[in-house]
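Single-structure report; data block below.
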Amino acid sequence: MSRPVTGVSRPAAQDRTPQERSLRESARQLEGVFVQQLYKAMRETVPQGEGIVSGGAGEDMFTGLMDQHLAAETPSHWGGGLSEALYRQLRGRLPVAAAPLDSDSSPR
């Protein structure tokens with residue numbers, strides 16, 4: 001079994017707004033796409049057709065689906081990482097919700 005990579009911690013605070021939750025989910029999805037492209041690039045470095053039998057189109061389809069599945073699971077073992085950095089960087093660009101007026105601060 002593999003152990004999670006340590007060193008990057010997840011934030012303790014919960015997302016307060018739906019926009020923050022949406023941003024966090026989008027950052028996780030982008031991280032998955034990045035990892036999938038990483039796997040694809042790594043697989044292209046492996047020599048093809050050197051085995052006894054060639055898998056053909058079926059093998060290509062299977063390895064693509066396997067890479068997609070692994071790319072979705074891999075970041076969960078990183079303990080944060082790229083998606084957390086993206087979230088922190090982009091969270092400041094979210095629109096700020098208007099604070100409710102306090103009854104004591106109303107104009108007289």
Side-chain angles (χ1 to χ4, degrees):
M1 284 288 165
S2 63
R3 296 183 306 163
V5 176
T6 59
V8 179
S9 61
R10 292 193 186 271
Q14 294 293 325
D15 300 327
R16 294 182 205 127
T17 66
Q19 291 88 0
E20 288 178 341
R21 286 189 292 274
S22 178
L23 177 60
R24 187 175 299 279
E25 181 58 31
S26 296
R28 284 185 187 129
Q29 289 173 356
L30 184 59
E31 184 178 39
V33 169
F34 173 76
V35 173
Q36 185 176 0
Q37 292 300 313
L38 182 66
Y39 282 153
K40 181 180 177 183
M42 289 183 346
R43 193 168 300 286
E44 288 174 357
T45 65
V46 176
Q48 299 294 318
E50 292 186 7
I52 297 174
V53 282
S54 173
E59 181 180 14
D60 293 340
M61 187 180 351
F62 174 77
T63 55
L65 290 171
M66 184 175 71
D67 288 349
Q68 184 178 10
H69 176 73
L70 289 173
E73 293 296 318
T74 300
S76 66
H77 297 283
W78 288 353
L82 183 61
S83 68
E84 202 53 46
L86 282 169
Y87 173 78
R88 285 192 315 264
Q89 185 70 27
L90 297 174
R91 184 178 56 191
R93 302 282 187 179
L94 290 175
V96 178
L101 290 176
D102 199 11
S103 61
D104 294 336
S105 65
S106 60
R108 294 179 187 209

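The structure presented is a predicted model; accordingly, all values stated were derived computationally and were not measured.
- Here the straight-line distance linking atom CG of Asp67 with atom CZ of Arg43 works out to 4.0 Å at 0.5 Å rounding.
- Judged by distance alone, with hydrogens and angles left aside, the side-chain atoms of Ser22 form no donor-acceptor pair with the main-chain N or O of Pro18 at under 3.5 Å.
- Clustering of Ile, Leu, Val, Met, Phe, Trp and Tyr by side-chain heavy atoms under 4.5 Å joins Leu65 with Met61.
- Taking both residues in full, the closest heavy atoms of Leu23 and Leu90 are given as CD2-C, 3.8 Å, listed atom of the first, atom of the second, then distance.
- Atoms NE2 and OG1, from His69 and Thr74 in turn, are 9.0 Å apart once rounded to the nearest 0.5 Å.
- Every residue two or more places apart in sequence or in another chain that forms a side-chain contact (heavy atoms from CB on, under 4.5 Å) with Glu44 is listed here: Lys40.
- Proximity of a side-chain donor or acceptor of Glu31 to a complementary backbone N or O of Leu82 within less than 3.5 Å is detected.
- The same ILVMFWY cluster, assembled from side-chain heavy atoms under 4.5 Å apart, contains both Met42 and Phe34.
- Applying the under-4.5 Å side-chain rule to Ile, Leu, Val, Met, Phe, Trp and Tyr, the cluster around Val33 consists of that residue alone.
- Nearest approach of Arg24 to Tyr87, heavy atoms of both residues: NH2-CE2, 3.0 Å.
- In this structure, the separation between CD on Glu84 and CG on Leu86 is 9.5 Å, given to the nearest 0.5 Å.
- In terms of heavy-atom proximity, Leu70 sits nearest to Tyr39 at CB-CE1, 3.6 Å.
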